[in-house]
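Okay, so here's the structure we're looking at.
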Amino acid sequence: MTTQTAHRPPLPPPSRPRRRAGVLVAAGALVLACVVTGLVLAWPFGGSDDKTAGKKTGGSGNSGGSGNSGTKGITIGLALPTKDSQRWITDGTAMKKQFEAKGYTVDLRYGNGDANQQATQLDNMIAKGHKLLVVAPIDSASLSGVLERAEEADIKVMAYDLPLLNTDAVDYYVSFDSRESGRLQGDSIVRKLGLDKGEKGPFNVELFAGAATDPNTRYFFDGAMDKLKPYLADHRLVVRSGQTQLYQLTTERWDGAAAQKRMSDLLSESYVKARVDAVLSPYDGMSLGILSALKADGYGFKNRPYPIVTGQDAELASVKSINKGEQTQTVYKDTRKLAKAAVNAGDAMFTGGRPEANATTSYDNGEKRVPSRLLRPVSIDKSNTRLLVDEGYYTEAELGQ
């Protein structure tokens, strides 16, 4: 996953904005940044089509073999954000190994968190004649120019994990269902508080969201609100801080320290004489920061246990925290399966098949609706952390089980 609070104007409603090229060209850098952030936080995608979720609408097209003679001479370009996160190293290694097993040559590059560097890497891949670019963008809205050059060179483009905005030069999108991830987080709060069983409360909840520049932030949040809004509406859930609008909740770079500071501020401003019962956190790194603020305020002890705290990505430190009774829940997204889905789709493009898609209308990037494969995430709490061992995601030794 990849955080920032307040100090920005209210977000536009989540209608489907279109690219305004003339405005962007004329605007200065500061205005451009604001426009991009507004588009990202209002973008309408991230969930499977209601009628097609979990169903195949196209054949997998996977050749199934390794070293296919039809793939010789084809180079796949993998453009990933950074090596600073183990997650991206794992994704890159997995895709490279699997593509090579099918006979492809692979050019794997990391952008070091620099969108300009990533654009330059993609330009070099285009110049070398790579036939497919698999892109996990550092800035989803900044690559339209380089991707148009790829389209002109008849190079296929796949958006990986994060969408590519404002361009029709995208052939396919593979990711986890972002809105469903949010629903799992919201549902965890509802169930753990017993709201679904008739508990009246009222219970105090505080809300956090991811980076304003990340297109998935709105969809994690909207998914959680699918579950929480009915209880907020009837006041069985109460946000004592009054901070309920997405622009008030975003966290720059998904940063745990920023989340910790905001949680500390919320506690000192709104909970001097009250208890917080639940915290919606969209990412494990933020969750641990939130828990640190709670512990410093006297939570985490027998007479004052931690509130419900959600998370995402099933990071090792958070899974251990769940087993210790601190963090409550996380969302498990097996990125090995995501890498496999991307490789199978890429292989289908060159072996006469058709990439599998279970969402054909929900990913509108502002220029086109892109065929998408959205994988289902899994909710993890103390009752089922063993699943991560059973599926080989972690070892027993790593989890201390």
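From a predicted model like this one, the values you see are computed outputs, not experimental measurements.
- Residues P355 and Y172 approach most closely at CB-CE1, 3.5 Å, considering heavy atoms.
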> K368 and D364: salt bridge (charged side-chain N to carboxylate O under 4.0 Å, His left out), yes or no, with the steps?
Replying inline: CA-CA 6 Å; K368 70 183 289 188; D364 182 341; over 6 Å; no
For residues 290-300, which side-chain N or O atoms pair as donor and acceptor with protein atoms under 3.5 Å away, sequence neighbours left out?
unit_1, atom_1, unit_2, atom_2, d
S292, OG, L288, O, 3.1
Y299, OH, V276, N, 3.0
Y299, OH, R304, NH2, 3.3

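- Side-chain atoms of S241 never come within 3.5 Å of backbone atoms of L266 as a donor-acceptor pair (strictly under, hydrogens ignored).
- The heavy-atom pair separating A278 from I189 by the smallest distance is CB-CG2, 3.9 Å.
- Of the possible donor and acceptor atoms, one in the side chain of S287 sits under 3.5 Å from a partner among the backbone N and O of T310.
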> Where do D347 and Y104 land on the side chain to side chain donor-acceptor pair (under 3.5 Å) test, with the steps shown first?
Replying inline: CA-CA 9 Å; D347 187 49; Y104 297 95; 2.6 Å; yes
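- For the residue pair K382 and I322, the shortest heavy atom distance occurs at N-CG2, 3.4 Å.
- Minimum heavy-atom separation, A314 to V319: O-CG2, 3.7 Å.
- By the 4.0 Å N-to-carboxylate-O rule, D265 lies close enough to K261 to be salt-bridged with it.
- Minimum heavy-atom separation, Q329 to S379: NE2-OG, 3.2 Å.
- Screening residues 163-173 for salt bridge (charged side-chain N to carboxylate O under 4.0 Å, His left out), with sequence neighbours left out, gives no hits.
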> Hey, mind stepping through R149 and E152 against salt bridge (charged side-chain N to carboxylate O under 4.0 Å, His left out) and telling me if it holds?
Replying inline: CA-CA 5 Å; R149 291 191 286 278; E152 291 169 0; over 6 Å; no
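- S321 and Q327 share no donor-acceptor pair across their side chains, judged by distance under 3.5 Å alone.
- The distance from the CZ atom of R369 to the OH atom of Y173 is 15.0 Å, given to the nearest 0.5 Å.
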> Is there a side chain to side chain contact (heavy atoms under 4.5 Å, CB included) between T75 and V106 once you walk through the steps?
Replying inline: CA-CA 5 Å; T75 299; V106 176; over 6 Å; no
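- N112 and T82 are not linked by any side-chain donor-acceptor pair at a separation below 3.5 angstrom, with hydrogens and angles left out of the test.
- To the nearest 0.5 Å, atoms OG (S372) and CG (D177) are separated by 10.5 Å.
- Between F99 and T105 there is no side-chain heavy-atom pair separated by less than 4.5 Å.
- Residues R109 and M125 form a side-chain contact, since some pair of their non-hydrogen atoms from C-beta on lies under 4.5 Å apart.
- Interatomic distance, L122 CG to L147 CG, rounded to the nearest 0.5 Å: 6.5 Å.
- Side-chain contact of S144 with T167: a donor-acceptor pair under 3.5 Å is absent, judged by distance alone.
- The backbone N or O of Q245 lies less than 3.5 Å from a partner atom in the side chain of Q248, making a donor-acceptor pair.
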>> Before you tell me yes or no, could you show the steps for Y231 and V190 under side chain to side chain contact (heavy atoms under 4.5 Å, CB included), namely the whole-Å CA-CA distance, both residues' side-chain angles and the distance that decides it to 0.1 Å?
In response: CA-CA 9 Å; Y231 304 104; V190 169; 3.6 Å; yes
> When you look at L143 and V146, which way does the side chain to side chain contact (heavy atoms under 4.5 Å, CB included) test go after all the steps?
Replying inline: CA-CA 6 Å; L143 295 175; V146 66; 3.9 Å; yes
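- In this structure, the side chains of K131 and I155 stay at 4.5 Å or more apart for every pair of heavy atoms.
- Counting heavy atoms from C-beta on, the side chains of Y110 and L108 come closer than 4.5 Å.
- Of the possible polar contacts, one joining the R240 side chain to the S270 backbone as a donor-acceptor pair under 3.5 Å is found.
- Taking the charged nitrogens against the carboxylate oxygens, E391 and K337 do have a contact shorter than 4.0 Å, which makes a salt bridge.
- One finds no salt bridge joining R336 and D91 here, because no Lys/Arg side-chain nitrogen approaches an Asp/Glu carboxylate oxygen to under 4.0 Å.
- In this structure, H130 and L133 have side chains that are in contact, with non-hydrogen atoms separated by less than 4.5 Å.
- Atom OG1 of T328 and atom CG of D381 lie 8.5 Å apart (nearest 0.5 Å).
- Checking side-chain atoms of Y160 against main-chain N and O of L78 turns up no donor-acceptor pair under 3.5 Å.
- Of the charged side-chain nitrogens involved, none lies within less than 4.0 Å of a carboxylate oxygen, so that K97 and E100 do not count as a salt-bridged pair.
- Residues E151 and V157 form no side-chain contact, since every pair of their non-hydrogen atoms from C-beta on lies 4.5 Å or further apart.
- Contacts classified as side chain to side chain donor-acceptor pair (under 3.5 Å) and involving residues 195-205 (residues at least two apart or in different chains) are not found.
- Rounding to the nearest 0.5 angstrom, the gap separating the CG atom in L237 from the OG1 atom in T244 is 12.5 Å.
- Within the cation-pi definition used here (under 6.0 Å to the ring centroid, within 45° of the axis), R262 qualifies as a partner of F208.
- For the pair D255 (side chain) and A258 (backbone), a donor-acceptor distance under 3.5 Å is present.
- Nearest heavy atom pair, residue V309 against residue S281, reads CG1-CB, 4.5 Å.
- Looking only at side-chain heavy atoms (C-beta outward), F176 and L338 come within less than 4.5 Å of each other.
- The local environment of CG in D390 is crowded, with over 12 non-hydrogen atoms from other residues, nucleotides or ligands closer than 6.0 Å.
- In this structure, D313 does not pair ionically with R87, as no charged nitrogen and carboxylate oxygen lie closer than 4.0 Å.
- Only one option out of R376, K227, K333 pairs with E180 in a salt bridge (Lys or Arg N to Asp or Glu O under 4.0 Å); it is R376.
- You'll find the side chain of L164 reaches within 4.5 Å of the side chain of V135, heavy atoms only.
- Across D226, L184, N216, a single residue satisfies side-chain contact (heavy atoms from CB on, under 4.5 Å) together with R179, and that is D226.
- Using modelled atom types and a 3.5 Å distance limit, the side chains of N323 and T385 yield a donor-acceptor pair.
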>> side chain to side chain contact (heavy atoms under 4.5 Å, CB included) for M158 and V174? Distances and angles first, verdict last.
In response: CA-CA 8 Å; M158 183 189 306; V174 59; 3.9 Å; yes
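- Residue Y283 is tested with Q185, E315, Q312 for a side-chain hydrogen bond (donor to acceptor under 3.5 Å, both in side chains); the sole match is E315.
- Between atom CG of residue L207 and atom CG of residue L246 there is a gap of 10.0 Å, rounded to the nearest 0.5 Å.
- In summary, the side chains of E206 and Y271 do present a donor paired with an acceptor at a separation below 3.5 Å, with no hydrogens or angles considered.
- Judged by distance alone, with hydrogens and angles left aside, the side-chain atoms of N358 form a donor-acceptor pair with the main-chain N or O of L374 at under 3.5 Å.
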> Would T330 and D284 count as a side chain to side chain donor-acceptor pair (under 3.5 Å) if you check the C-alpha gap in whole Å, the side-chain angles of each, and the deciding distance to 0.1 Å?
Replying inline: CA-CA 7 Å; T330 187; D284 286 346; 2.8 Å; yes
